[in-house]
Engineer: 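Have a look at this one.
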Amino acid sequence: MKALKVLATAAALTLVAGAVQSDEKFITIGTGGQTGVYYVVGQSICKLVNRGSGQHGVKCTAPSTGGSIANINAIKAGDQDMGVAQSDWQFHALNGSSKFEESGAFPGLRAVFSVHPEPFTVVARADSGIKTFDDLKGKRVNIGNPGSGQRGTMEVIMAAKGWTMDDFALASELKSAEQSQALCDNKIDAIVFTVGHPNGSIQEATTSCDAVMVPVTGPEIDKLVSDNPYYSAATIPGGMYKGSGEDVDTFGVRATFVSSEDVDPETVYQVVKAVFDNMNRFKKLHPAFAVLMPEQMIEAGLSAPLHDGAARYYKEKGLLQ
Ligand code: GLU
């Protein structure tokens, strides 16, 4: 009698587990290096999504990746459902321009929302004598790993200035999480990073050794900003990092959250709902998110059409007509 009861309970449990499992949907969000802000964007979104998995069944992971361009390529290939990408690379992926000319346009790319602003950031060893972007000529510079947004944007600036890799004494391709240590170990003179502020990577560079922020200005930069909707002038506030008391002028993009039209609208709806229903909580998960405003997040830096699942949520909330 007792044994039978246990068996019956076990069967019921199996049934329940089976029912839950069939409703589960696992999603992967592509981020960036572990000391950047994209990693926190992905981890924060997943944290909010996974709190509600019991209701909506969506389970989310956000591994570290090579960055913007790697994320867009993985979404296109169906290897990732969503990812974080710079607004300039969202634009070029959609249109098949710049770095995406060879692989072709990705018309199925969908915008979900935009996140924090990302100034193009150059940090140099104080003893390198680098004071302006043009001083990078002849120096050892980490131009970023292929697949990262900063590598792509660095190449755009170099093309605008008519520079090639030979203009550097060394052009290294370290990942963002490795570059600050390389700078402080005196393996390189300067690093570039398109990233929200403050962040762990630049904090590491400016606290482990004497390093300074370098402005990125001049006629070529002004032209890039005036010719392209996805760039804007940007300032890194003084006092944010040790050694940089003054504001530093540069230009920048916006971090955006993207997906593909092949990802089902209900899943994207649940992800957007988890973030926007908990916006105050989300904004506290990283200091770079403090400036976020929902009205801006559904528009700024987005060039791909909104994903249907995201648009549904924004319409329900009256954010979108
Ligand atoms: N903007 C960088 C990229 O696209 C990543 C920045 C970050 O990790 O926060 O690769």
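We count ligands from 1, going down the list as the structure has it; atoms in each ligand are counted the same way.
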Engineer: Measure from the ring center of F276 to the ring center of Y314 and say whether it is less than 6.0 Å.
Structural biologist: yes
Engineer: Assess the residue pair T256 and W89 against the criterion (side-chain contact (heavy atoms from CB on, under 4.5 Å)); give the C-alpha distance rounded to whole Å, side-chain angles, the decisive distance to 0.1 Å, and a yes or no.
Structural biologist: CA-CA 10 Å; T256 72; W89 301 118; over 6 Å; no
Engineer: Under 4.0 Å from a heavy atom of Q86: which atoms of ligand 1 are those, numbered in the order shown and with their elements?
Structural biologist: 1 (N), 2 (C), 3 (C), 4 (O)
Engineer: Number the atoms of ligand 1 from 1 as they appear, then name those within less than 4.0 Å of a heavy atom of G67, with their elements.
Structural biologist: 10 (O)
Engineer: Indicate whether any N or O donor in one side chain lies under 3.5 Å from an N or O acceptor in the other, for Q150 and S176.
Structural biologist: no
Engineer: Purely on distance, is any nitrogen or oxygen of Y38 under 3.5 Å from one on ligand 1?
Structural biologist: yes
Engineer: I'd like to know if the side chain of Y39 pairs up with that of N199 as donor and acceptor (distance under 3.5 Å, no hydrogens or angles considered).
Structural biologist: no
Engineer: Below 4.0 Å from any atom of ligand 1, is there a heavy atom belonging to F193?
Structural biologist: yes
Engineer: Identify the protein heavy atom lying closest to atom 4 (O) of ligand 1, giving its residue, its atom name and the separation to 0.1 Å.
Structural biologist: S68 OG, 2.4 Å
Engineer: Does a donor on one side chain sit under 3.5 Å from an acceptor on the other, for D247 and T235?
Structural biologist: no
Engineer: Find all atoms of ligand 1 within a distance of less than 4.0 Å from any non-hydrogen atom belonging to Q150, and give their numbers and elements.
Structural biologist: 1 (N), 2 (C), 3 (C), 10 (O)
Engineer: Just which atoms of ligand 1 are under 4.0 Å from any heavy atom in G149?
Structural biologist: 3 (C), 4 (O), 10 (O)
Engineer: At what distance is the nearest protein heavy atom to atom 6 (C) of ligand 1, and which residue and atom is it?
Structural biologist: T194 O, 3.3 Å
Engineer: Against heavy atoms of S148, which atoms of ligand 1 measure under 4.0 Å?
Structural biologist: 10 (O)
Engineer: Assess, by modelled atom type and distance only, whether the side chains of D88 and T153 contain a donor and an acceptor separated by less than 3.5 Å.
Structural biologist: yes
Engineer: With heavy-atom distances below 4.0 Å as the criterion, list the atoms of ligand 1 near V37.
Structural biologist: 7 (C), 8 (O), 9 (O)
Engineer: Using the ring centroid of each side chain, check whether H56 and Y269 are separated by less than 6.0 Å.
Structural biologist: no
